[in-house]
Amino acid sequence: METKYNDIIFKEKVVSLFEQNRAQIGANDTTRMSKERDVAFKQFKKVGFPNKKMEAWRNTNLKDVFAYNYNIQFSPADEKPELIEAFQCNIHNFDTQTITLYNGWYLSEDKHLITLPNGTIIGSLAQAIKEYPELVQKHYNKYTNIEENGLIALNTAFSQDGIFIYVPDNVKTYKTIQMVNILDKEDNLFIQNRNLIIVGKNAKLTILHCDDSYNYSRSFTNTVTEVFIDEGAEVDHYKLQNLNDNSTLINTTYFHQELQSKLTTNSITLNGGLIRNKINVVLNGEGGEANVFGVYLVDKEQHIDSQVFVDHAKANCNSDELFKGIIDDNATAVFNGHILVRKDSQHTNASQTNRNVQLTDKATVYTKPFLEIYADDVKCNHGATIGQLDEEALFYIKSRGIGDYDARLLLLYAFAAEVINKISIATLRESIDDLVKKRLRGELAICDQCVLQCKDQENTYEFKIDISKI
Amino acid sequence: MLKIKNLHVSINGKQILRGLNLEVNRGEVHAIMGPNGTGKSTLANVIAGKPGYHIDKGEIIFKGKNILELPPEVRAQEGIFLGFQYPVEIPGVSMTNFMRTAVNEHRKYKGLDPMPAGEFLKLMKEKQQLVEIHAKLTNRSVNEGFSGGEKKKNEIFQMAMLEPELAILDETDSGLDIDALKIVANGVNKLKTKDNATIVITHYQRLLDYIVPDFVHILFDGKIVKSGGKELALILEEKGYEWIKDESPN
Ligand SMILES: Nc1ncnc2c1ncn2[C@@H]1O[C@H](COP(=O)(O)OP(=O)(O)O)[C@@H](O)[C@H]1O
Ligand SMILES: [Mg+2]
């Protein structure tokens, strides 16, 4: 029995749920956090959910999302899933440290926070607030902007758990840390994770952030992640999304970069009902470098929205954005890039590119690159394209004896590969490469295991035509 | 091997070929010459199966079969090769993978297993030498960033890899300096056997000093208006295309 809800009704429900559960929601808060929670709640009450009248939400309508009722879990479920082992990523030669959120709650067999031999702390944010309140408080909610939209405010008001990672100064984490969000619940869940990642001076961290569905249930996830990258530090961040068609994921990440730090973030969207990836980067120290990449493959009625805001707050920084997408059937892709070069940010190098292949007449693409430049000595460029497969190239390939289906696949794969090739970890690149090939062939299911562990690990995936390197 | 009968072709309602006849047998080299815009590339593209052309009339028989209904990949597998006037750049598809796929698709058509990787690499090397193409180019994306000359050599390299029965080389000489021209011509000559045939389309007589044709045809206004031996190219060179215009009936 499904009741029709619109955003106002859902807002009222959420507001009253917050008020009823206020004590439990903020049980571990420090005084400051508690205050900020109330401020955020007030903000949400004032503005509500984003709607189409807002410029940044013009092409992403949450109306249909609110047509369903959602439930919120205010404490982790008692029953523990048996799949914790199954989600350990076992890409050949790819050694990861896996941390898992299960329906939004940190999942662990014993401790909720562990310290690796090199001093890196990983685990539950809720636990970190208890054990390291000073450290958390120094960064928590410092890089978000609750006025950006109602969902950011709502997350700040509601969030109870999420992932916490702290890499001390000068520590280079030798393992990739894999954050896995698993959704597995029969009833419609509304989840609001909050993740905090702190990377110390000259430290190095590689994170793989996976969003996976375990079944076909409806869900609505509103995640906010803050990443602080201190002087000279380096972060390699990969986001891999393979959610079912009934899922809504609003993913907002704030990267805050200090002097001479380096960030590479790559969002790989293989499947999902409605996904919005909002990426905010503040280059807050000279000599910073931010590479923001993404590739999305959508079909059916899917909707992908990529929003990138890069703030060149200091001089002498480089940013490079490349987003590419293949849009099939009735799917929709939205790209909004915004580069802000502030008045004193001389010698900025900024580039922004969005390219789309629209495979059908019914597929829709909205792309809007935007440069806002106040400094005069800068190099900035942007470009956006929406096109079909190149007919001349198709004929060229076919004229060598390669059939229509394979010729198209070859071109689509080549198109996506430009982004995949930017993945610097070879084993990860190969696995993602396989997933993309599978996806293009329409053979990628919502895995009943971690997306990187698709059934036959022994055989890497190959096209019928062989385009693997020889 | 190839018989074109009374071929009429139009694009977007504009008639390009108007009653073209041509017969090519195994072991022969034919040259097709003619001024710009006269329909030479149209003819080559229509034989190879490029979409977008409307066949108003006529037929193209290749090895006894009318190929007009066949898709381009099947025509290629049947043994037709088109050397493009303007080879297409395909970023992200490496030459090696492209050729390996193409070679294996040809083999599959013939009922053969895919070529083992080692054997394939050996074949690549051998054919690279034939057209003096740098091995580095084959690691790059197809034609991407290749110079004009490199693109043309790359066409002949692909022809060498696929060993077609009928090769149609559309202005493979244009934009080549004399050294590159010699290399390309030399490659084509080495690939010649008594069982295959070549059609070279060219604007200038120059190429025919190196690839000596058995027959020369002059295409004008969508028709072959004159055919002859290799001396026809020399007359044409001397008298210019104006001569054809005067000679041609319409
Ligand atoms: N896509 C097209 N649409 C309309 N006309 C075309 C198209 N392609 C070629 N043509 C015309 O067809 C004629 C023959 O072109 P083409 O076969 O390329 O000549 P050639 O190779 O002899 O220089 C020219 O007049 C050219 O303008
Ligand atoms: Mg031409």
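Salt bridge annotation for A/Arg400-B/Glu155: present, with a cationic side-chain nitrogen under 4.0 angstrom from a carboxylate oxygen. Taking a cutoff of 4.0 Å between a charged side-chain nitrogen and a carboxylate oxygen, A/Glu418 and A/Arg355 do not qualify as a salt bridge. A salt bridge links B/Lys108 to B/Glu105: at least one charged side-chain nitrogen sits closer than 4.0 Å to a carboxylate oxygen. Under a 4.0 Å N-O distance rule, the pair A/Asp328/A/Lys362 does not qualify as a salt bridge.
The most heavy-atom pairs under 4.5 Å with chain A, out of B/Met161, B/Glu78, B/Gln77, B/Met99, come from B/Gln77.
Both tests hold for A/Lys324 against A/Phe415: distance to the six-membered ring centre under 6.0 Å, angle to the ring axis within 45°.
Looking at B/Ile90, the atoms closer than 4.5 Å to chain A (heavy atoms on both sides) all sit in the side chain, from C-beta outward. In this structure, the portions of B/Phe98 lying under 4.5 Å from any heavy atom of chain A include both its backbone and its side chain. Neither the backbone nor the side chain of A/Ala417 comes within less than 4.5 Å of any heavy atom of chain B. Neither the backbone nor the side chain of B/Val74 comes within less than 4.5 Å of any heavy atom in chain A. B/Pro114 does not touch chain A: none of its heavy atoms, backbone or side chain, sits under 4.5 Å away. Contact annotation for A/Leu394: neither backbone nor side-chain heavy atoms come within less than 4.5 Å of a heavy atom of chain B. Proximity to chain A (any heavy atom under 4.5 Å) is restricted, for B/Pro91, to the backbone atoms N, CA, C and O.
The aromatic rings of B/His30 and B/His217 lie parallel to each other, with less than 30° between the two planes, well short of the 60° mark.
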